[in-house]
Amino acid sequence: MPALDLDFVRSQFPAFASPVLSSHAFFENAGGSYPCAQVVDRLHRFYTDRKVQPYAPYPGAQAGGAEMDEARSRLAAMMGVAREEVSFGPSTSANTYVLAQAVRKWLAGTGQAIVVTDQDHEANSGVWRRLADEGVEVREWKIDPDTGSLSTAALAPLLDDGKVRLVCFPHCSNVVAEINDVAAIAAMARAAGARTVVDGVSYAPHGFPDIPALGCDVYLFSAYKTYGPHQGIMVIRQEFGMDLPGQAHFFNNATLYKRFTPAGPDHAQIAACAGMADYVDALAARHGITGDAAARNRGVHDLMRAQEVAVIAPLLDYLAARNDVRLIGPRDAARRAPTVAVDLGRPAEPLSEELGRRGIACWAGDFYAVRPLTAMGVDLEKGVLRMSAVHYTGPDDVARLIAALDALL
């Protein structure tokens with residue numbers, strides 16, 4: 001596999017030429033990545049030339065509708081699913097909420113159970129826990145309080161009695177960052193008669209998913225963290241999606257990608273999501289990765305991950321070697337996303353502010369990961385310092401961050 005051409009990558013992002021943004025090494029990617037030029041260009045074109053009701057019988061409307069269809073079709077092809085299985089919504093939190101309302105109707109009064117974790121961002125936890133109001137039993141798959149890990153050994157007894165119908169868990173946590181074995185967990189759930197909902201928000205920026213390889217029934221992520229506009233994207237497999245009660249206008253329920261979209265979609269942002277596929281294809285072409293859309297996506301995923309693992313390892317080694325901070329999650333870069341949270345034992349926000357003054361963009365707090373941080377004994381009033389990279393983060397950025405930390409810790 002070729003090495004990632006970092007100069008080429010950065011040339012695809014307007015932010016690196018911005019006098020405002022380029023002054024800092026950017027480590028707030030888990031809060032939202034920079035958009036690639038292909039997305040920016042498509043969004044600008046839509047607002048300039050297509051900003052009318054799409055699909056109507058005149059040129060701008062036809063072009064707008066075609067670009068919306070293109071986004072759905074190309075993202076579906078990348079992820080190995082049917083185009084009808086890709087839904088757009090205002091955010092992943094909103095998509096998960098709507099999905100939970102469908103599951104509420106599906107399971108209410110059945111005496112059956114769901115599994116949630118305490119490793120999740122609250123968007124993939126709280127809405128599921130509220131199903132207890134309908135008599136659904138909610139079982140918690142708990143993390144190891146020392147490591148933050150979820151073990152399949154701890155999941156197995158929760159599934160043993162055959163009552164569980166849904167298992168909701170993250171591909172990786174936005175603070176622990178350890179990559180969960182989605183395929184193994186989905187197989188366990190399926191064998192026990194349960195469906196799976198995977199929060200991929202913290203993993204998808206590090207490579208768009210190969211859904212058939214993962215084997216889950218639902219995969220959710222946020223386009224604004226995968227170099228795109230502010231949209232939530234939900235892949236829901238046909239069989240499960242058509243089993244659930246529809247949440248849209250009754251006359252739209254026969255169309256899977258409309259079935260869980262109760263409000264009108266953001267036409268421009270959906271159309272701009274095709275720019276994410278443009279970007280993946282540009283990376284594939286630059287690095288000699290060929291094949292169909294799914295094969296190109298897999299190759300680019302592996303290219304991104306190799307870059308991230310190499311770049312973030314020195315930061316993990318530096319933090320793990322210190323005895324005055326607690327590194328959250330694995331030290332091994334290959335086992336985690338390059339999202340690095342540390343418990344300082346003191347309020348973290350003042351340090352993030354000082355890092356900002358020294359040319360490092362990152363933040364501090366609980367990041368809506370209240371449950372995992374609490375389970376790991378982190379004082380929420382103090383929070384954690386979180387530094388998050390993606391494939392466009394370079395070794396010079398990490399060296400600059402380490403030097404700043406060394407001067408301030």
E381: salt bridge (charged side-chain N to carboxylate O under 4.0 Å, His left out) partners, not counting sequence neighbours: none
Q119 side chain vs G148 backbone, donor-acceptor pair below 3.5 Å: yes
Contacts of R296 that satisfy side-chain contact (heavy atoms from CB on, under 4.5 Å) - sequence neighbours left out: D281, A284, A293
L155 and I185, any side-chain heavy atoms less than 4.5 Å apart: yes
Where T147 and V176 come nearest, the two heavy atoms and their spacing: O-CG1, 4.0 Å
side-chain contact (heavy atoms from CB on, under 4.5 Å) partners of D324, counting only residues at least two apart: R322, L409
T48 side chain vs R45 backbone, donor-acceptor pair below 3.5 Å: no
Main-chain N/O of A82 paired with E85 side-chain donor or acceptor, under 3.5 Å: yes
R336 side chain vs P330 backbone, donor-acceptor pair below 3.5 Å: yes
Partners passing ring pair (Phe, Tyr, Trp, His ring centres under 6.0 Å) against F13 (at least two apart in sequence or in another chain): Y227, Y279, Y392
Check: G215 main-chain N/O paired with R190 side-chain donor or acceptor under 3.5 Å: yes
Heavy-atom check, side chain of L158 versus side chain of W141, under 4.5 Å: yes
side-chain hydrogen bond (donor to acceptor under 3.5 Å, both in side chains) evaluation trace for E178 with S149: CA-CA 7 Å; E178 182 171 11; S149 296; 2.4 Å; yes
K142/E140 ion pair, N-O < 4.0 Å: yes
Close side-chain approach of I328 to V342, heavy-atom, < 4.5 Å: no
Partners passing ring pair (Phe, Tyr, Trp, His ring centres under 6.0 Å) against H267 (at least two apart in sequence or in another chain): none
Side-chain donor-acceptor pair present, T92, S222, cut-off under 3.5 Å: yes
L405 CG to L315 CG distance, which is reported to the nearest 0.5 Å: 7.0 Å
Among D199, T96, L99, I211, the one residue meeting side chain to side chain contact (heavy atoms under 4.5 Å, CB included) with V218: L99
Parallel, tilted or perpendicular, as decided by the 30° and 60° cut-offs, for the rings of Y203 and H206: perpendicular
Check against salt bridge (Lys or Arg N to Asp or Glu O under 4.0 Å), E70 and R42: CA-CA 12 Å; E70 178 191 358; R42 282 179 177 268; 2.9 Å; yes
E308 and R305, any side-chain heavy atoms less than 4.5 Å apart: yes
Residues forming a ring pair (Phe, Tyr, Trp, His ring centres under 6.0 Å) with Y219, sequence neighbours excluded: H171
Over all atoms of both residues, closest heavy-atom pair of T110 and L107: OG1-O, 2.7 Å
Heavy-atom check, side chain of V86 versus side chain of I233, under 4.5 Å: yes
Ring center gap for Y34 and F16 short of 6.0 angstrom: yes
Validation row: Q112, V136 side chains within 4.5 angstrom (heavy atoms): no
Separation between CG of L401 and NE2 of H24, rounded to the nearest 0.5 Å: 12.0 Å
Distance in Å, D278 CG paired with C36 SG, rounded so as to fall on 0.5 Å steps: 7.5 Å
Residues that D317 engages under salt bridge (charged side-chain N to carboxylate O under 4.0 Å, His left out), provided they are two or more places apart: R331
Donor on one side chain, acceptor on other, N253 and Q247, under 3.5 Å: no
Check: D397 side chain, G394 main-chain N or O, donor-acceptor pair, under 3.5 Å: yes
Polar side-chain atom of S33 near backbone of N29 as donor-acceptor pair, under 3.5 Å: no
Approximate separation, where rounding is to 0.5 Å, of R371 CZ and N124 CG: 11.0 Å
Inter-residue atom distance H121.NE2 - S93.OG, 0.5 Å rounding: 5.5 Å
N252/T255 under side-chain hydrogen bond (donor to acceptor under 3.5 Å, both in side chains): CA gap, chis, key distance, verdict: CA-CA 6 Å; N252 281 335; T255 303; 5.8 Å; no
Which residues share a side-chain contact (heavy atoms from CB on, under 4.5 Å) with V138, sequence neighbours left out: I114, V116, R129, A132
Pairs flagged by side-chain hydrogen bond (donor to acceptor under 3.5 Å, both in side chains) wherever residues 339-351 is involved - sequence neighbours left out: E349-W363
Exam field: side chain K225 to backbone S202, donor-acceptor pair closer than 3.5 Å: no
Residue pair Q238, E84: steps toward the side-chain hydrogen bond (donor to acceptor under 3.5 Å, both in side chains) verdict: CA-CA 8 Å; Q238 177 87 19; E84 291 79 11; over 6 Å; no
Rounded distance (nearest 0.5 Å) linking atom SG of C362 with atom CD of E353: 10.5 Å
Under 3.5 Å donor-acceptor, D5 side chain and H287 backbone: no
Exam field: side chain R326 to backbone N323, donor-acceptor pair closer than 3.5 Å: no
Y97 OH: over 12 foreign heavy atoms closer than 6.0 Å: no
Salt bridge (Lys or Arg N to Asp or Glu O under 4.0 Å) between R139 and E137, intermediate numbers included: CA-CA 6 Å; R139 300 177 180 179; E137 182 187 353; 3.0 Å; yes
Heavy atoms of other groups near F250 CZ, more than 12 under 6.0 Å: no
W128 and F169 aromatic centres sub-6.0 Å: no
Geometric cation-pi criterion, R72 with Y257: 6.0 Å, 45°: yes
Listed once per pair and sorted, the salt bridge (Lys or Arg N to Asp or Glu O under 4.0 Å) pairs that draw on residues 89-107, sequence neighbours left out: R104-E134
With D217 via salt bridge (charged side-chain N to carboxylate O under 4.0 Å, His left out) - residues at least two apart: R195
Under the side-chain contact (heavy atoms from CB on, under 4.5 Å) test, residues paired with N95 that sit two or more places apart: P90, L220, M234
Candidate pair Y55 and D69, rule side-chain hydrogen bond (donor to acceptor under 3.5 Å, both in side chains), full reasoning: CA-CA 10 Å; Y55 303 106; D69 292 344; 2.7 Å; yes
